[in-house]
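Some notes on the structure that comes next.
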Amino acid sequence: VLSTATMRQDGKADALTIAGLSGSGAAVDNEATGDALVSIGNGAQLSGLNIVVSAKNIFDKDIFPISLFSGSVALGGLSVLASTTDVGTSGDRFEARIDIGSVNLKSTGNNASPGILRIESLTDVEAYDSVEGSSVGGFNLLLGLSDVDVDSSSVVNLTGSTVVNNAGKVDVTTRSMADTRSDADVTIASLISGAVGGDTDTQIDTRNQVTLTNANVKGGEVNLFAGRDAYGQVNLIDGFANSDVQAYSLLPNIGVPIAN
C-alpha cells in the first residue's frame with residue numbers, strides 16, 4: 001500500500017529600472033501544504049509474505065537558480081526584493097501520515113522464508129532560494145529579503161491494530177529529510193551615499209512520531225523508529241542562510257547583512 005505525493009514548485013520575478021528618480025520592487029511567494037496519507041480502516045485484513053505500507057511526501061523548489069533579480073540606474077532610487085517559501089505552515093503541516101485502525105496485518109513467512117512487514121512514512125523537502133539586486137546612482141536604498149520555512153510531520157498511528165510477522169521483523173518507522181538554502185546578494189554604487197541590506201532566514205521544524213494505542217505488534221524482532229528508517233538511515237536536516245551586501249560611495253554609507 002503506497003501513497004506518494006511529489007510537488008515541484010518555484011517562482012521568478014525581475015525588475016529593471018532606468019530613471020531620474022525610481023522606485024521598484026519584486027516579490028515571489030511560494031506555499032505548499034499537500035499531504036501523503038494512507039488510512040486503513042477498522043475491520044480490514046491483509047496477509048501475505050511481504051507487506052509494506054508507505055507514505056512519502058516530497059517537495060522540490062529548484063527550478064530557478066535566482067528567484068528575484070533587480071537592477072536600477074537612477075539619481076535617487078529605492079528597490080525592495082522579497083522572496084518567501086513556506087513548505088507547510090504551523091496550522092497545516094507538510095505531512096506524510098499513516099493511520100491504521102482495528103486491522104489485522106499478517107506476514108505469512110516462516111523460518112525458511114521470512115517475510116517483510118514494514119510500515120514507514122517519510123517527508124523530503126529541498127528548497128533553494130536566492131535574491132540578487134544592484135543599484136547605481138546618486139543616492140540609493142536597496143533591500144533584499146529571502147525566507148524559507150519548513151513545517152513538516154512524518155507520522156504513523158496504530159490504533160487497535162494487530163500487526164504480526166510470523167518469522168521476520170516488524171518495522172514501524174518515521175523519517176524526515178530537509179535541505180534548504182536562502183541567499184541574498186545586494187550591491188549599491190552611489191555618488192553621494194546610500195543604504196543596502198540583506199536579510200535571509202531559514203527555519204526548519206520537522207517532527208517524527210510513532211503512536212501505538214491498544215495495538216498488538218509481534219514479530220521475531222520489533223522496531224519502532226522515530227527519526228530513522230528500517231535500513232538505519234537517520235534524519236538528514238540541513239539549513240543555510242547567507243547575506244552578502246556591498247556598498248560603494250563617496251560619503252559614508254550603511255550596509256546591514258542579516259542571516260538567521
Side-chain angles (χ1 to χ4, degrees), residues 1-8 32-60 62 87-88 93-126 150-180 204-238:
V1 181
L2 174 64
S3 173
T4 300
T6 301
M7 291 175 279
R8 193 169 186 226
T33 57
D35 300 321
L37 306 175
V38 173
S39 179
I40 303 177
N42 295 337
Q45 297 189 32
L46 285 78
S47 65
L49 178 61
N50 298 321
I51 298 176
V52 177
V53 182
S54 176
K56 298 180 181 179
N57 203 1
I58 301 168
F59 175 84
D60 287 318
D62 60 359
V87 185
R93 302 182 68 83
F94 184 80
E95 190 171 48
R97 190 178 78 242
I98 298 173
D99 294 312
I100 300 178
S102 181
V103 171
N104 287 321
L105 298 180
K106 184 177 182 180
S107 171
T108 57
N110 53 46
N111 290 332
S113 179
I116 295 172
L117 207 166
R118 187 164 65 240
I119 303 168
E120 59 185 7
S121 66
L122 169 71
T123 59
D124 186 355
V125 176
E126 291 187 3
V150 177
D151 292 280
S152 68
S153 295
S154 181
V155 179
V156 172
N157 296 315
L158 304 181
T159 305
S161 313
T162 299
V163 180
V164 177
N165 191 341
N166 285 339
K169 296 193 300 181
V170 176
D171 293 308
V172 182
T173 72
T174 61
R175 181 171 177 245
S176 300
M177 298 175 63
D179 185 6
T180 63
I204 303 174
D205 179 6
T206 61
R207 302 180 186 180
N208 301 274
Q209 180 177 320
V210 175
T211 302
L212 277 64
T213 305
N214 297 323
N216 179 24
V217 181
K218 181 180 179 181
E221 180 180 332
V222 175
N223 298 312
L224 307 178
F225 293 140
R228 59 166 286 184
D229 64 16
Y231 305 102
Q233 295 294 320
V234 298
N235 287 352
L236 297 176
I237 310 297
D238 186 16

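- Here the closest non-hydrogen pair linking Val150 and Thr180 is CG2-CG2, 3.7 Å.
- Within the 4.5 Å cutoff, the side chain of Lys56 has no heavy atoms near those of the Thr6 side chain.
- In this structure a side-chain-to-backbone donor-acceptor pair under 3.5 Å is present from Asp35 to Glu95.
- Remark: Lys169 NZ to Arg118 CZ distance equals 8.5 Å, nearest 0.5 Å.
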Item to check | Derivation of the side chain to side chain contact (heavy atoms under 4.5 Å, CB included) call for Met7 and Asn57 | outcome: CA-CA 8 Å; Met7 291 175 279; Asn57 203 1; 3.9 Å; yes
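- Inter-residue side-chain proximity for Ile119 and Leu105 is flagged as met; some heavy-atom pair is nearer than 4.5 Å.
- Checked by atom type and distance alone, the side chain of Asn110 pairs as donor or acceptor with a backbone atom of Ala112 at under 3.5 Å.
- When all heavy atoms of Phe59 and Ala32 are compared, the closest pair comes out as CE1-CB, 3.6 Å.
- Using a distance-only test at 3.5 Å, with no hydrogens or angles considered, a donor-acceptor pair links the side chain of Ser3 to the main chain of Leu37.
- Scored by the side-chain contact (heavy atoms from CB on, under 4.5 Å) test, Gln45 finds Asn104 as partners (sequence neighbours excluded).
- Between the Asn165 side chain and the Gly220 main chain, no donor and acceptor come within less than 3.5 Å of each other.
- Under the 4.5 Å side-chain criterion, counting only non-hydrogen atoms from C-beta, Arg97 is in contact with Asn157.
- Atom CD of Glu221 sits about 7.0 Å away from atom CG of Asp171, to the nearest 0.5 Å.
- Of all heavy-atom pairs spanning Ile51 and Leu46, the tightest one is CD1-O, 3.7 Å.
- Nearest approach of Ala96 to Leu122, heavy atoms of both residues: CB-O, 3.3 Å.
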Next on the checklist: Please determine whether side chain to side chain contact (heavy atoms under 4.5 Å, CB included) holds for the pair Val125 and Ile204, giving the CA-CA distance in whole Å, both sets of side-chain angles, and the decisive distance to 0.1 Å.
Outcome noted: CA-CA 10 Å; Val125 176; Ile204 303 174; over 6 Å; no
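- Taking each heavy atom of Ala55 and Ala36 in turn, the nearest pair found is CB-O, 3.8 Å.
- Distance alone, capped at 3.5 Å, is enough to place a donor-acceptor pair between the Ser107 side chain and the Leu49 backbone.
- Taken to the nearest 0.5 Å, the CG atom of Leu117 stands 13.5 Å off from the NZ atom of Lys218.
- Judged by distance alone, the side chains of Ser154 and Thr123 never bring a donor and an acceptor atom under 3.5 Å apart.
- Looking at Asn208 and Arg228, their side chains never come closer than 4.5 Å, going by heavy atoms from C-beta outward.
- Using a cutoff of 4.0 Å between basic side-chain nitrogens and carboxylate oxygens, Asp124 and Arg175 are not scored as salt-bridged.
- Between the side chain of Ser121 and the main chain of Val155, a donor-acceptor pair closer than 3.5 Å is present.
- Here the CG atom belonging to Asp229 is positioned 11.0 Å from the CG atom belonging to Asn223, to the nearest 0.5 angstrom.
- Looking at Arg93 and Asp205, a side-chain N of the basic residue comes within less than 4.0 Å of a carboxylate O on the acidic one, giving a salt bridge.
- Counting only heavy atoms from C-beta outward, the side chains of Thr174 and Arg207 never approach each other to under 4.5 Å.
- How far OG1 of Thr162 is from CG of Asn216: 5.0 Å, rounded to the nearest 0.5 Å.
- The shortest distance between side-chain heavy atoms of Lys106 and Asn166 falls below 4.5 Å.
- Rounded to the nearest 0.5 Å, atoms OG (Ser113) and CG (Asn50) are 8.0 Å apart.
- Scanning all heavy atoms of the two residues, the minimum distance from Val222 to Gly219 falls at CG2-N, 3.7 Å.
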